[in-house]
Each structure stands twice: as structure tokens, then as C-alpha cells.
There are 2 protein chains.
Amino acid sequence: MSTPAREPRSAVDGDVVVETALRLVEEHDVSALTMRRLAAELGTAVTAIYWHVGNRDALLDLLVERLIADMGTVRVTGRTPRARISSLLRAWRQRLLERPHLIAIAHERGRTAEMFQPMQAGLARELAAVGLHGEAAAAAVRVLQFHVVASVVLQRTAGRGPATNPTDPAAWPDIPDPDLVGALAVPVDHDEMFRFGLDALLDRLLPA
Amino acid sequence: MSTPAREPRSAVDGDVVVETALRLVEEHDVSALTMRRLAAELGTAVTAIYWHVGNRDALLDLLVERLIADMGTVRVTGRTPRARISSLLRAWRQRLLERPHLIAIAHERGRTAEMFQPMQAGLARELAAVGLHGEAAAAAVRVLQFHVVASVVLQRTAGRGPATNPTDPAAWPDIPDPDLVGALAVPVDHDEMFRFGLDALLDRLLPA
DNA sequence: ACCTGAACACCGTTCAAGT
DNA sequence: ACCTGAACACCGTTCAAGT
């Protein structure tokens, strides 16, 4: 005889709008999120969406909000501080790579900082363990976050387009080093590039 | 009595279409480049553009082509190889920052590699001077190019949006270091971040 | 060879009208 | 409080028709 705490009265509410929009974006692309397509997916008139979420712009903000809320902490492994920092950043990179379309939206709307708040907190803890505080720690957080974001953004956009177009070696009269030209023709290994840059940065940032 | 080599017979041709499109994109945004607006700017019917350049997608390709053709070499200063490499990369970063919208288009279309061909050539020359060849040189070229592109892409997208939203320090219970939180609240200095990362990478890449 | 206008299938958004 | 349909001002693109 107990009734559910809240009887839904309408067919759709703000939450299912956001969830459906999220699905459209993650499965396809931000361009797949049109008000008409969303309405079709929800089985309502287009204009019903406007009542719940305002407009498309506000809906994108809600998606970002949801993404930020989902960004919990991350498992860290390793015994030395350097290993732990490296593990932390690699895990974050991995997590971001799983939601490329959403993080692109967040990034375009200037919400990266918020999105990274948990990562910054974890990083701050590890940096404190090696004696970095205040401005020095902030600079380190920024440089490392830059590296993670850059890696993800570049890998994401490189995934689209005509296979990154590794330039025709024959059309390179300016570089008189055939081995170099040949090596540049093979596809980029983003994982390795990330690790290389990360190691270089940690060498600089962490006290010996 | 001499006639010009070629008498233009039509009001518009492919070149003025591309030039006008270029202007629209550089002055505003890629979203300002609509076929109808372009036609208005040219004083023709919308459909005339289709005769000259195909469609919007092909037009974007032509813009990228033009950008790539414009990417000549760059003045390099400094006496040590390291100083010269650093100068080269800073100059390229500067050049890219001057045309943010266009490089964004090129990047989204997977044409970054072509765009950077002259930079890669200059870089190869300098790397050869310090004894780097073949695969090692290619890896260095890639890592350094990654750093330049990343810096430009992030700075560009950070320029839009609500001032990058430096997170409210009061909402940071997770970081028990008020100086760090305060330091993270001031806006990012992209120039400094670029130089810091560049120095770290060069330390790793160049032989002592 | 070059350009036009009409038409089609899409967008986001507003608004008066319904329950 | 919640939803609808019609309407408006935009898109890119096609196509038959004009010169």
C-alpha cells in the first residue's frame, strides 16, 4: 500500500531530457544533438524540451554539469611519489579519452578547470608529499593538467579527418634525411608521446 | 594596345570566393561562413558559389590549402642550436596564434601535418646540427610539434567561454593548501607555460 | 561557361493556444 | 504545470531554367 516517494506526473522531465541528450552526444557527436532529433527520441513535441531545459545552450550546460559531477577520484598505484603522480595522470587521461565528445563540449565552454577539480586535488596531495606547496605546486598542477588536456584534445581531433595525412615523403625536398621522413610517415603513437612528455615534465618539476 | 594576359569574364571566380571566405573566417569565426552570407558579400546568388567551389565542405578544403601555401619559413635567431630551436618554435607558435580560426579548421580536417611541413623542415635542419637523425629526430619533431599545437589549441579555446572559470576557492575542501588554491585562481599565462614545457622537452631531447 | 530562382529538407526559437 | 502546432528566420544543397 506504500506509494513511491514521488509519482512522476509528466512523460518527460529535465533528467530524462539530459540523459537522452547525453546518449546522443556520446554515441554520435555534439552535432547529433538537435532539438528535433531529441524530441523524436523522447516521443514529445520539440517545444516540450524548451519548457524543461530552456534552450539548446542551457542543455549543453546541463550536460557539462553532469559530466563534472561524474568526475570522481581515481585509483592511484605506485610506491614512490613520482610513480603515483604518473599513475594518477595516466588514469585521468584514460578516463577523459573514454568521453571525448563530452570533454570537448566542456572544454569549449571554459569548464575544464571545474572538470579537473578532483584531479587537481589528488595531484596536490601527491605534490605536497614531495615538498611542493603554494605557487610552485600550482604551477606544477597547471603544467601537468595542460599536458593531459593537450594529449586528449589532440588525440581526439586526430582521430577524425583523413587519417591525419602523413604527408607524401616524395614531396619533401626540404628535409635531406630520408630516415627522418620515413619515420614521420608512420602514424603517431599518442600513448608514447604522452609518456615521453610526462617524464620530461616530471624531471623538471620534482625535486631530485 | 597591349591587353592584360587574361581578361576576367565573370564577376566572381574561385579565387575571390576563397578570399572572401577567408576574410569572413578570420574576422569572425568558421560559423560566420555561411553560403548565404558569402553570396551576399560577393553580390551574387547563393548558387553561383556552388558552380565555382563545389560546396561548403570543398570550400573549407580550399581555405586550408591556402593556409598551408601561406606557411612559409620563419626567421630563426640565436647562436647555440638550442637557442635556435627554441626561437624557431616560439616564432611558429606566434604565427599560429595570429590565425586561430584557420588553424582550427585545418586541425579539425586532419591537415596539421601538412601545415607544419616547413616547421618540420627547419626543425630537422637544427636537429641534424646537434647530431639527431632518423627515428630519434622524427620523435623529437613530433614531440615538439605536439607541444606547439597543444599550446595554440588550448590557448585558443581558453580564449572563448566564460573566462575559463577559475573555480571558486571556497568550494575546495579537498585541497588543504590555501596558497595553492589562491595561485590556481589567477588566470593562466600561456606564454610561460609554453616556455616551461619547451625547456623541459629540450632538456630531454638534446644531447648535453 | 556562368548565373539565377524556386524548392527541399533541415536547423533553433517564440508564442498563442490547449489541457 | 505541462504540452502542442504553427510560424519565423535561418541553414546547405539540388535542379531546371535562363544567358
Side-chain angles (χ1 to χ4, degrees), chain A residues 3-25 27-65 101-102 104-105 108-109 160-161, chain B residues 3-25 27-65 101-102 104-105 108-109 160-161:
Chain A
T3 51
R6 233 184 182 285
E7 192 74 30
R9 289 172 310 165
S10 56
V12 305
D13 64 356
D15 278 342
V16 313
V17 171
V18 170
E19 273 151 27
T20 311
L22 223 46
R23 226 190 55 231
L24 281 176
V25 168
E27 276 176 15
H28 306 86
D29 203 334
V30 61
S31 73
L33 178 57
T34 72
M35 304 303 271
R36 285 173 163 85
R37 175 149 183 195
L38 185 53
E41 212 84 15
L42 290 165
T44 65
V46 197
T47 43
I49 300 168
Y50 284 82
W51 197 91
H52 287 292
V53 300
N55 57 18
R56 190 170 185 272
D57 206 61
L59 176 55
L60 288 176
D61 274 337
L62 290 175
L63 295 190
V64 174
E65 229 67 70
H101 302 305
L102 271 175
I105 297 173
E108 267 157 32
R109 312 199 128 231
R160 307 177 297 187
Chain B
T3 52
R6 234 185 178 284
E7 192 74 31
R9 288 174 310 166
S10 55
V12 304
D13 64 358
D15 278 342
V16 314
V17 172
V18 171
E19 274 150 26
T20 310
L22 223 47
R23 226 191 53 230
L24 281 176
V25 168
E27 275 176 17
H28 307 85
D29 202 334
V30 60
S31 73
L33 178 57
T34 73
M35 302 305 269
R36 284 173 163 85
R37 174 148 185 197
L38 185 53
E41 212 84 16
L42 290 165
T44 65
V46 197
T47 43
I49 300 169
Y50 284 81
W51 197 92
H52 287 292
V53 300
N55 56 19
R56 189 170 186 272
D57 206 62
L59 176 55
L60 288 175
D61 273 338
L62 291 175
L63 295 189
V64 174
E65 228 68 68
H101 302 307
L102 272 175
I105 297 174
E108 266 156 32
R109 312 199 130 229
R160 307 177 298 188

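Fair warning: this is a prediction, and the values are worked out from it, not measured in the lab. Order of the sequence lines sets the chain letters (A, B, ...), proteins ahead of strands, with each chain counted from 1.
Side-chain atoms of A:Asp29 do not come within 3.5 Å of backbone N or O of A:Ala32 as any donor-acceptor pair. Between the side chain of A:Asp15 and the backbone N or O of A:Val18, no donor-acceptor pair lies under 3.5 Å. Between the side chain of B:Arg109 and the main chain of B:Leu60, no donor-acceptor pair closer than 3.5 Å is present.
In DNA chain C, runs of at least 3 stacked Watson-Crick or G-U pairs (N1-N3 plus N6-O4 or O6-N4, or N1-O2 plus O6-N3, all under 3.5 Å) give these stems: C:4-8 with D:12-16, C:12-16 with D:4-8.
For A:His52 and D:dC3, the shortest distance from a side-chain N or O to OP1 or OP2 is below 4.0 Å. The phosphate of D:dC11 has OP1 or OP2 within less than 4.0 Å of a side-chain N or O from B:Thr34.
Listed candidates were C:dA1, C:dT4, C:dC11. Nearest to the side chain of B:Trp51 is C:dA1. Distances were taken from every side-chain heavy atom of A:Met35 (C-beta onward) to each of D:dA6, C:dG12, C:dG5; the shortest belongs to C:dG12. Nearest to the side-chain atoms of A:Arg36 among the listed nucleotides C:dG12, C:dT13, D:dT14 stands C:dG12. The B:Ala45 side chain lies nearest to C:dG5 when the options are C:dT14, C:dG5, D:dT4.
The nearest whole Å value for the distance from the CG atom in B:Asp13 to the P atom in C:dC2 is 9 Å.
Within the 4.0 angstrom heavy-atom criterion, only backbone atoms of the sugar-phosphate kind lie near A:Leu33; the bases stay farther away.
Looking at heavy atoms from C-beta onward, A:His28 lies out of side-chain contact with A:His101 at the 4.5 angstrom threshold. Side-chain contact between A:Leu24 and A:Thr34: absent, with no pair of heavy atoms (C-beta onward) separated by less than 4.5 Å.
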